[in-house]
A.B. asks: 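The structure under discussion is supplied below as structure tokens; questions concerning it will follow.
In what follows, chains carry the letters A, B, and so on, assigned in the order in which the sequence lines appear, proteins first and then strands, with residues in each chain numbered from 1.
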Amino acid sequence: MSQDLETQEPIYQRIYATVCQIPSGRVATYGQVARITGGCTARMVGYALAALKEGMDVPWQRVINFKGKISPHGLGYGSALQRQLLIDEGILFDEKERIDLEKFSYFFD
DNA sequence: CGGCTGACTCTGG
DNA sequence: TCCAGAGCCAGCC
């Protein structure tokens with residue numbers, strides 16, 4: 001019913017809205033965001049975030065891959081920033097720079 | 001309208 | 001645990 005209104009907007013816009021639902025101190029995988037957003041796949045989420053602009057208030061740093069690690073995009077400088085932002089929010093990394101999805105994933109399967 | 005690109009996920013070895 | 005390949009689809013030129 002009200003779903004029709006959301007369907008009119010670009011898929012990227014809906015993905016951003018889902019990411020904004022993730023509270024501080026929690027993370028989510030691309031697959032979870034894709035499934036919750038609906039009508040899109042994990043890749044769409046990643047590509048949507050890649051198209052993000054500085055003027056958007058989207059906590060893109062809280063989105064990671066299903067392995068619990070940060071995807072090495074661009075030259076890699078963004079990954080270091082993302083890791084630092086997550087630590088600043090209280091997310092803990094293990095020695096392999098991986099996050100415990102069982103503890104920090106906001107959406108659970 | 002056709003082709004290229006890309007922050008993913010899963011299976012097998 | 002790490003590496004490689006295949007499947008997948010919305011934007012943009």
A.B. asks: Is there a side-chain contact between A/R62 and A/P23 in this structure, where contact means two heavy atoms from C-beta onward sitting under 4.5 Å apart?
C.D. replies: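 No, every pair of side-chain atoms sits at 4.5 Å or beyond.
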A.B. asks: Once you round it to whole Å, what is the distance between P of B/dC8 and CD1 of A/I70?
C.D. replies: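 About 12 Å, once rounded to whole Å.
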A.B. asks: Taking a pair as Watson-Crick or G-U wobble with both distances under 3.5 Å, which nucleotide is matched to B/dG3?
C.D. replies: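 WC or wobble partner is C/dC12.
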A.B. asks: Mind calculating the distance between OH (A/Y12) and C1' (B/dA7) to the nearest angstrom?
C.D. replies: 11 Å
A.B. asks: Can you measure A/R43 atom CZ to C/dC9 atom P for me and round it to whole angstrom units?
C.D. replies: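 In whole Å, C/dC9 P lies 10 Å from A/R43 CZ.
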A.B. asks: Under a 4.0 Å heavy-atom cut-off, which of residues 44-67 of chain A touch DNA chain C?
C.D. replies: A/M44
A.B. asks: Evaluate A/V63 against A/I22 for side-chain contact (heavy atoms from CB on, under 4.5 Å), listing each step before the verdict.
C.D. replies: CA-CA 9 Å; A/V63 185; A/I22 306 172; 4.2 Å; yes
A.B. asks: Could you check whether any side-chain heavy atom of A/E102 comes within less than 4.5 Å of a side-chain heavy atom of A/F108, counting everything from C-beta outward?
C.D. replies: yes
A.B. asks: Please walk me through it: do A/F107 and A/R26 pass side-chain contact (heavy atoms from CB on, under 4.5 Å)?
C.D. replies: CA-CA 9 Å; A/F107 305 109; A/R26 289 287 183 277; over 6 Å; no
A.B. asks: Could you check how far CZ of A/R14 sits from C1' of C/dC9, rounded to whole Å?
C.D. replies: 13 Å
A.B. asks: Whole Å only: how far is the CZ atom of A/R98 from the C1' atom of C/dC2?
C.D. replies: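 Taking CZ of A/R98 and C1' of C/dC2, I get 11 Å after rounding.
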A.B. asks: How close or far is atom C1' of B/dA7 from atom CG of A/L81, stated in whole angstroms?
C.D. replies: 13 Å
A.B. asks: Using only side-chain N and O atoms of A/S71, determine if any of them is under 4.0 Å from OP1 or OP2 of B/dC8.
C.D. replies: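 So the side chain of A/S71 is within the cut-off, an N or O lying under 4.0 Å from OP1 or OP2 of B/dC8.
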A.B. asks: Starting from P on B/dC10, measure out to OH on A/Y30 and report it in whole angstrom.
C.D. replies: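 Value for this atom pair: 14 Å.
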A.B. asks: Would you kindly give the CD1-to-C1' distance between A/I15 and C/dC9, to the nearest whole Å?
C.D. replies: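 In whole Å, C/dC9 C1' and A/I15 CD1 are 10 Å from each other.
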A.B. asks: Taking it one step at a time, do A/I99 and A/F93 satisfy side-chain contact (heavy atoms from CB on, under 4.5 Å)?
C.D. replies: CA-CA 5 Å; A/I99 299 172; A/F93 286 75; 3.6 Å; yes
A.B. asks: Would you say the side chain of A/D100 lies within less than 4.5 Å of the side chain of A/L92, judging by non-hydrogen atoms?
C.D. replies: no
